[in-house]
Amino acid sequence: MKKIILLLLIGSAFSCKNMQSAASKDNSDPSKYIKAIKEKDLKEMLYVIASDEMEGRETGSKGQKKAGVYMIEQYKKNGVSFPKGATDFYQHIPAAFLNARRNENLPDSENIWAYIEGSEKPDEVLVISAHYDHVGIKNGDVYNGADDDGSGTVALIEMAKAFAKAKKNGHGPKRSILFLHVTGEEHGLHGSRYYSENPLFPIANTIADINIDMIGRRDVEHAKTNNYVYVIGADRLSTDLHNIVVAQNEKYTKVDLDFKFNDPKDPNHFYERSDHYNFAKLGIPAVFFFNGVHEDYHGKGDEPEKIEYDALTKRTKLAFVIAWDLANRENRPVVDKK
């Protein structure tokens with residue numbers, strides 16, 4: 001009898017522990033992990049990614065590959081590995097693909113991917129993307145591309161660090177997250193097109209794409225403040241995604257959301273000009289965060305000392321809380337538009 005009572009007590013204690021463990025995985029509030037996104041870490045990484053040593057990160061160049069090695073080192077340091085089903089951090093892209101549409105004699109290149117597996121719906125995947133290539137060296141000048149898109153590159157690494165910290169504390173995302181650094185954007189969105197045509201995870205299981213391309217500076221339209229970001233594409237396919245962006249910003253970051261370039265009639269056509277577009281074409285809800293064009297856009301003056309790191313940090317936090325919601329909400333965003 002004593003043995004039976006003891007076994008019942010042990011079973012009851014184990015059950016309570018499991019219930020407590022389940023309760024501890026309430027992921028409704030990301031506030032603790034927003035704080036893991038640090039301005040000093042973004043700055044430190046960007047001064048490396050956008051240094052002369054990386055030779056302007058031209059697609060397939062030695063400098064771009066060196067930048068890729070540094071990025072992978074940061075993921076490893078933060079305890080973030082390559083995706084399930086891959087053999088390393090690289091998605092290799094042959095030169096034949098990169099040159100198929102217009103031959104620019106580009107060499108082989110690579111997308112770089114990192115991954116945090118979901119705890120409850122691991123087969124559903126949120127993609128967070130940014131391109132890490134730039135335009136290289138012109139007439140002996142290194143075009144370092146600190147904003148374009150060094151800013152998005154370091155934002156992804158810092159967001160992954162925050163999600164890894166949450167997972168270590170028992171609050172990992174319920175859906176899987178793929179941090180996708182694409183190559184060849186400057187030559188025609190090649191890296192994201194390659195992934196969309198050769199996905200590691202089924203496109204049908206990809207719930208959304210958050211794309212970050214230039215979030216470190218301000219444009220002339222916002223000369224008096226950097227507390228803004230252009231939001232492009234969120235409502236093109238999904239009312240849910242638009243509402244998530246607005247709600248998470250209002251709750252946590254309170255950045256002025258500027259929808260000027262979201263107008264389908266906007267002559268700049270930014271919606272079609274960054275990597276989210278290759279996901280949106282396949283019916284995946286996508287949102288693109290952008291600070292607008294400034295005087296150093298595609299110029300040799302796009303240097304890390306000109307980045308406004310407070311703005312970069314706040315916009316990274318905005319993308320993070322939106323990703324947190326998408327990865328943890330009960331239902332994936334509904335596609336209700338075409």
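Just so we're clear, the structure is a prediction, and the values are computed from it rather than from any experiment.
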Parallel, tilted or perpendicular, judged at 30° and 60°: which one describes the rings of [X] and [Y]?
| X | Y | value |
| --- | --- | --- |
| Tyr230 | Phe261 | tilted |
| Trp113 | Tyr195 | perpendicular |
| Tyr132 | His181 | perpendicular |
| Trp324 | Tyr33 | parallel |
| Tyr271 | Tyr277 | perpendicular |

Can Tyr90 and Asn111 be said to form a side chain to side chain contact (heavy atoms under 4.5 Å, CB included), step by step?
-> CA-CA 6 Å; Tyr90 296 106; Asn111 291 334; over 6 Å; no
Specify the closest pair of heavy atoms between [X] and [Y], including all atoms of both residues, with the distance to one decimal.
| X | Y | result |
| --- | --- | --- |
| Ala162 | Ile37 | CB-CG1, 4.1 Å |
| Lys314 | Thr253 | CE-O, 2.9 Å |
| Thr316 | Ile215 | OG1-CD1, 3.8 Å |
| Pro333 | Ser238 | CB-OG, 3.7 Å |

Establish, from distance only, whether the side-chain atoms of [X] and [Y] form a donor-acceptor pair under 3.5 Å.
| X | Y | value |
| --- | --- | --- |
| Lys251 | Gln248 | no |
| Asn278 | Ser192 | yes |
| Ser274 | Asn211 | yes |
| Asn144 | Asp302 | no |
| Asp213 | His131 | yes |
| Asn291 | Asp219 | no |
| Ser176 | Tyr115 | yes |

Determine, for [X] against [Y], whether the closest basic-nitrogen to carboxylate-oxygen distance falls under 4.0 angstrom.
| X | Y | answer |
| --- | --- | --- |
| Asp266 | Lys260 | no |
| Glu308 | Arg218 | yes |
| Lys306 | Glu303 | no |
| Glu104 | Arg102 | yes |
| Lys300 | Asp141 | yes |
| Asp275 | Arg193 | no |
| Glu250 | Lys254 | yes |
| Arg175 | Glu120 | no |

Can you check side chain to side chain contact (heavy atoms under 4.5 Å, CB included) on Glu221 and Tyr228, steps first, answer last?
-> CA-CA 11 Å; Glu221 300 293 325; Tyr228 77 94; over 6 Å; no
Any chance you could lay out the salt bridge (charged side-chain N to carboxylate O under 4.0 Å, His left out) test for Lys76 and Glu73, step after step, and finish with the verdict?
-> CA-CA 5 Å; Lys76 289 180 177 178; Glu73 288 172 353; over 6 Å; no
Just do the side-chain hydrogen bond (donor to acceptor under 3.5 Å, both in side chains) check on Glu186 and His298 with the steps written out, would you?
-> CA-CA 10 Å; Glu186 301 288 6; His298 279 195; 2.9 Å; yes
If you link I, L, V, M, F, W and Y whenever their side-chain heavy atoms are under 4.5 Å apart, who else ends up in the same group as Ile137?
-> Val142
Going by heavy atoms in the side chains, are Tyr75 and Leu156 under 4.5 Å from each other?
-> yes
